[in-house]
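Remember, it's 1-based here, ligands and their atoms both numbered in the order they're listed.
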Amino acid sequence: MTKKTNWGIIGLGKIANKFAADLQLSETSTLYGVASRSLEKATEFATKYNAKKTFNSYEALVHDSEIDVIYIATPHTFHFENTMLCLRNNKAVLCEKPMGINSTQVKKMIAEATTKKLFLMEAVWTRFMPAIEKVMELIDKKVIGEITSIRADFGFRSEFNAESRLFNKALGGGTLLDIGIYPIFLSLVVLGIPTNINAMARMTPTNVDRFCAMLFDYENGEKAILESSFEANTPTEAYIHGTKGTLKIHRQFHQPTAITLYKNDQETVIELPFTGNGYFHEIEEVNACIRDGKTESSKLPLAFSEQLIQIIDRVKSEIGLTYM
Ligand SMILES: NC(=O)c1ccc[n+]([C@@H]2O[C@H](COP(=O)([O-])OP(=O)(O)OC[C@H]3O[C@@H](n4cnc5c(N)ncnc54)[C@H](OP(=O)(O)O)[C@@H]3O)[C@@H](O)[C@H]2O)c1
């Protein structure tokens, strides 16, 4: 029998709960250790998700020799320090998105993983969704011809609260890093690196973006029209237009269960549900990579994460968004 991957989790907030629930569905995973700044919280979490060990500091967890890979589920501004702590202690890492808050951080993280020959991946779970895999297959087969433009939005209404992770600059607040990353991810998968970026934002009193509109231009004239918002419950859909048809990724396009192909005046709906909360698929990818001794995923390579944050940095400079 193949050895199961022993997972550790750092930061036991909202996303860690959903992720841990999906780890329970994975026959190739064991939730080995969970680390929180509070032992009480770690103990409660461990009981809920059947983790073998609890740690009341992130440092203690990285020193456990049984752990194969650590999932970083802290706010954006801690991803760099938490990931570096793991890598420096010879642990593979799955780091929540965005991998860092700027490309300088991401470059250093990649360099450390590369030097140490350790697995590192950004937790862009959308990449591994069955519906997204299908979209990529249809695009590769040129079913909708050459891509001419994409349109994608991600928005939900959230009341302003200066202290919350979504609005607090010290925690990496703002739509761009939190949800704008998904439309940008899709544009990068489909159209690559833009030659020109235009962006406009509305800022909060904490000086992070509560709304961001982006227009990307590409070498052959393709366009991407992207939006992220904490001001309204926007459709959160994506449309990929090509010379022979259109693909729609249904709401919510970052965790889709269906796509529609519009071609020759016909509409074909393809249902492709995800397993569990949707994190199951990235978990299986990480386990397979670790089992095969890979240091990065070919589906979501480190160069992709570096390009993703470089595009985000360009948008930041367009809208005057800074951190630290
Ligand atoms: N892939 C997705 O679908 C998805 C969805 C939501 C969020 N995310 C990402 O996951 C990360 C965490 O988001 P979340 O919504 O889970 O956040 P959250 O509920 O606020 O949890 C973050 C956890 O980080 C730890 N932490 C360490 N230092 C902290 C500090 N100074 N302030 C607050 N928390 C601190 C805390 O865990 P302890 O108290 O246990 O130490 C906290 O529970 C973000 O980077 C976000 O982008 C991804």
Can we say [X] and [Y] salt-bridge, meaning some charged N sits less than 4.0 Å from an Asp/Glu carboxylate O?
{"X": "R314", "Y": "E318", "value": "no"}
{"X": "E133", "Y": "R127", "value": "yes"}
{"X": "E112", "Y": "K108", "value": "no"}
{"X": "E159", "Y": "R157", "value": "yes"}
{"X": "E231", "Y": "R210", "value": "yes"}
{"X": "E44", "Y": "K41", "value": "no"}

Give me the nearest non-hydrogen protein atom to [atom] as residue plus atom name, then the distance to 0.1 Å.
{"atom": "atom 32 (N) of ligand 1", "answer": "L171 CD2, 3.8 Å"}
{"atom": "atom 27 (C) of ligand 1", "answer": "Y58 OH, 3.1 Å"}
{"atom": "atom 24 (O) of ligand 1", "answer": "P75 CD, 3.2 Å"}
{"atom": "atom 19 (O) of ligand 1", "answer": "K14 N, 2.9 Å"}
{"atom": "atom 28 (N) of ligand 1", "answer": "R37 NH1, 3.4 Å"}
{"atom": "atom 47 (O) of ligand 1", "answer": "K97 O, 2.8 Å"}
{"atom": "atom 11 (C) of ligand 1", "answer": "T74 O, 3.2 Å"}
{"atom": "atom 31 (N) of ligand 1", "answer": "F78 CZ, 3.3 Å"}

Ring centroid separation F211 to F230 under 6.0 Å: no
Aromatic centroids of Y58 and F78 separated by under 6.0 Å: no
Where on [X] is there a heavy atom closer than 4.0 Å to ligand 1, on the side chain, on the backbone, on both, or on neither?
{"X": "Y71", "result": "neither"}
{"X": "I10", "result": "neither"}
{"X": "S38", "result": "neither"}
{"X": "D178", "result": "side chain"}

Residues, nucleotides or ligands: over 12 heavy atoms within 6.0 Å of K223 NZ: yes
Show the atoms of ligand 1 that are less than 4.0 angstrom away from any heavy atom in [X].
{"X": "Y182", "value": "1 (N), 2 (C), 3 (O)"}
{"X": "S36", "value": "38 (P), 39 (O), 40 (O), 41 (O)"}
{"X": "Y279", "value": "1 (N), 2 (C), 3 (O)"}

Polar contact flag, side-chain donor to acceptor under 3.5 angstrom, T206-T204: yes
Polar contact flag for G13 and ligand 1 (N/O pairs, less than 3.5 Å): yes
From [atom], work out which of [options] has a heavy atom at the shortest distance.
{"atom": "atom 15 (O) of ligand 1", "options": "Q255, R165, H79, E282", "answer": "R165"}
{"atom": "atom 16 (O) of ligand 1", "options": "T126, N56, L12, I15", "answer": "I15"}
{"atom": "atom 9 (C) of ligand 1", "options": "K41, H76, E96", "answer": "E96"}

Nearest atoms (heavy-atom pairs only) where A73 meets A16: CB-CB, 4.0 Å
Cation-pi check, K169 onto Y323 ring (under 6.0 Å, within 45° of axis): yes
